[in-house]
Amino acid sequence: MSVVPLDVSTLNPRQSEAVLHPGGPLMIVAGAGSGKTKVITTRIARLINEGCPPYRILAVTFTNKAAKEMRERIEHLVGDRAKDIWMGTFHSVCARLLRMDGAAIGIDRNFVVYDDGDQLTLVRDLLKAKGMDDKSLQPRGVLAEISRAKEKLMGPEKYSENASGFFERAVASIYKDYQARLNAANALDFDDLLFKSVRLLEQADAVREKLQEKFLHVLVDEYQDVNFSQYRLADLIAAKHRNLTVVGDDDQSIYGWRGADVGLMMRFSIDHPDATLITLDQNYRSTERILNAAHAVVRHNRSRNDKQLWTDKGAGALISIGEVGTENEEAIVVVNTIQREVRTGRRNYGDFSVLYRTNAQSRAVEEAFLTRSVPHILLGGQRFYDRKEIKDMIAYLRLVWNPLDEVSLRRIINVPARAIGPGAITKIEEHANKNAISLLRAMQDSAFQQEFNKKTQSGLKGLTALIEDAQMMVAAEVPVTKILREIMQRSGYLDELRADRTEEAQSRLENLQELVNVTAQFDARQEEDKSLGAFLEGVALISDIDGLKDDADGVKLMTLHSSKGLEFPVVFLLGLEEGVFPHSRALGSDSELEEERRLCYVGMTRAQEELYLTYARRRSQYGQANFNARSRFIDDIPREYIDQMVGTTMETPPINRTGMRLEQMRTGEYAITDTTSAEKPKPSWTPPFNVGQKVTHKKFGIGIVVACNPVKGDAEVTVAFPGAVGIKKLMQSFAKLEAV
DNA sequence: CAGCAATCTCTTTTT
DNA sequence: GAGATTGCTG
């Protein structure tokens, strides 16, 4: 394989400084579009060219897709040697470490990874079993708390010691049992992958020394989105050679809700006083106007080190802003704009992307795209592996691989229906507990099987025999596809779907066929490990952004979060409304509002040449009409950068957030043809409060109005209160809210 | 126990 | 508005 000689002449001085940095801790603050991937890949190539063996380099990225791209780019520079670099997400790297050396802290190498659906099922189960099915203990909330504890490297015991108050005590008790259930099931959740890896390095001296010796260079991308356990892990692995390179941008920190802590970026320089700091502030992606507008938005954040990017791309086009009536009109404006540009030959479909705050917003756009035949690629929303039928099949496979996996067993024990109902399950549980055996073992006990009625007996026998046969196939190293086919057939899953002649069943069958294609591809891989375990791990750690092909000629639809790291010639940013973006959940908290603002910055800086921002006066949320004021982010953009979008109305001067008048609902000079929804005349109704206004409630105190809606002669006011109270929907006649 | 209808609830973002 | 969950009937 021919190797291109390393060429640093195309790099700017700061970039080449980062590439050539000899060793020791290095922090690269890389603004949006500043060529950071180029810097990382060139740096790694340089290290390899200078004699560092590829397998002694560890590079951690945020998504598998980023890792794959990076590997390919390095391959161009150094050839096949790139294959041996340890490269992947924190989670995939950890899974690999734990399979390799986890035994040192008692982790079975065949562990399965529980995704958040599995986690949720488990927590729900525990809550029910403990009779704690209270409103105050929502499974999601409990799980988030456990996750936060794990991110801070707090095990159940440590958490329990520090727990105070009703909620924390309850969580402490669930956390303990939750972890016990994971252990019993030979399963790790996402957070465990990190947590246990840190424990492995801390507690197993031999393993730590081996790994610290092994990795000469450690590089971490997207460092602003690292949580404490990830921070600790990177530090531990790099402790010996101290060649730790971290790359991040504090303005693009958007995963605070997942435990990421930008503060750790500051801490890096404290923990590594000798660290070199390099800032990349030349942007190679966007025009001046886009850059300046994005900066104008993010500049409002108080906790932020100011950094203004510059570009030599020139001013570029104005930023288009459009006010529309509803989300359907919004979608139509997008379609019209795209089709006009494509028709005139100025753009291809692949040049466009449509970004939004929440997945639910994609629907209106997708519908419009479908009816108007706009080719598009939707990512996110329901992931392929989150579909019911896929999860069911994966559950079968996981159970076959790991017979202790209780969550999976419970999922499919009666799917398709085989006469094992709630009563039978309770009986099986009791038998399992009494004899200290797993649920599956209990079901296999033929003497015990006699205690059930005929139908249930044959159900039990059928399922256990199927699992046993499949296990033998695994032992015989039969390809995954064949095992999957056997299960789909013999479980009766296929027959049940085929008998159901609905469109839904049809689509489920197609999805299952797609799953078979996935396993077939897996079986055909050239790589080493083709075991069922390896397949299942890939499934657990994959995200759908990983599969995005950027060169496909279709409009890309995704959430703002998914768009991080990507770029597009033209970007539409939808739903710039208070309560949508910024999201209603963020309105009550300054730090969350700052994160929303950064998210807006991320979205805007995805655009290379053109940026469109839209907001709707009326939007259906939770199947109900809401009148949201337009987003504060729009008002942060200097007027001289703004152009009104063709085909929309826009109030001039801008309506302020406190004034929202229904008479603004005129269609404007450009008629918008909305074929999807017939516009109904609006009731003449004046909301008692304006969105964003502060109000006080007798019991809850001061809160911020998120939305007002008419409800037959009364007003339903949604208010965000700080702290544990959260979002409340209140009837004005009853709650007697008062403006502050 | 299975199947269906009514009811309820929750929707931020994802490895 | 969709999904999951609960409740009722066969």
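Note that the structure is predicted; figures quoted are calculated from it, not measured. First the proteins, then the strands, lettered A, B, ... as listed; each starts at 1. Below, all heavy atoms of this structure are taken into account, side chains as well, without hydrogens, waters or symmetry copies.
The separation between K388(A) atom NZ and dA2(C) atom P is 18 Å, rounded to whole Å. Distance, R598(A) CZ to dT13(B) P: 18 Å, rounded to whole Å. If you measure from atom OH of Y223(A) to atom P of dT15(B), you get 21 Å, rounded to the nearest angstrom. Put simply, CD on Q361(A) is 15 Å from P on dG1(C), counting in whole angstrom units. Look at CG on D115(A): it is 11 Å from C1' on dT15(B), rounded to the nearest Å. The distance between atom CG of L460(A) and atom C1' of dC1(B), rounded to the nearest whole Å, is 13 Å. Between R387(A) atom CZ and dG3(C) atom P the separation is 11 Å, expressed in whole Å. Regarding Q621(A), its CD atom lies at a distance of 16 Å from the P atom of dA2(C), rounded to whole Å.
Comparing dT15(B), dC1(B), dT13(B) against the side chain of T89(A) picks out dT15(B) as the nearest. Listed nucleotides dT5(C), dA2(B), dT11(B) differ in distance to R124(A); the shortest reach to its side chain belongs to dT5(C). In this structure, the nucleotide among dG3(B), dT11(B), dT14(B) sitting nearest to the side chain of R140(A) is dT11(B). Closest contact between the side chain of R363(A) and the listed nucleotides dA2(C), dT14(B), dT15(B) involves dA2(C). Proximity note for P422(A) (side chain, C-beta onward) versus dT13(B), dC1(B), dT15(B): the nearest is dC1(B). Of all nucleotides listed (dC1(B), dT15(B), dT14(B)), dC1(B) comes nearest to the side chain of A419(A).
Side chain of Y356(A) to backbone of M558(A): a donor-acceptor contact under 3.5 angstrom is found. Although no hydrogens or angles enter the test, the distance criterion places a donor-acceptor pair under 3.5 Å between the side chain of E596(A) and the main chain of H583(A). Between the side chain of N414(A) and the backbone N or O of I420(A) there is at least one donor-acceptor pair closer than 3.5 Å. Looking only at distances, no side-chain donor or acceptor of E151(A) sits under 3.5 Å from a matching main-chain atom of S229(A). With N227(A) contributing its side chain and Q230(A) its backbone, the two residues share a donor-acceptor pair below 3.5 Å. Side chain of T456(A) to backbone of A419(A): a donor-acceptor contact under 3.5 angstrom is found.
Here N359(A) reaches the OP1 or OP2 of dT13(B): one of its side-chain N or O atoms lies under 4.0 Å away. Using a 4.0 Å cut-off, some side-chain N or O of S562(A) falls inside it from OP1 or OP2 of dT14(B). At least one side-chain nitrogen or oxygen of N414(A) sits closer than 4.0 Å to the OP1 or OP2 atom of dA2(B).
Contacts of A586(A) with the nucleic acid, taken as non-hydrogen atoms under 4.0 Å apart, are absent. Within 4.0 Å (heavy atoms only), F62(A) reaches sugar-phosphate atoms of the nucleic acid but no base atom. A360(A) comes within 4.0 angstrom of nothing in the nucleic acid, heavy atoms only.
Nearest-nucleotide positions on DNA chain B place E596(A) closer to the 5' end than the other of Q119(A) and E596(A). If S92(A) and I425(A) are placed on DNA chain B by their nearest nucleotide, the residue sitting closer to the 5' end is I425(A).
By the 5.5 Å and 30° criteria, W257(A) is stacked with the base of dT13(B).
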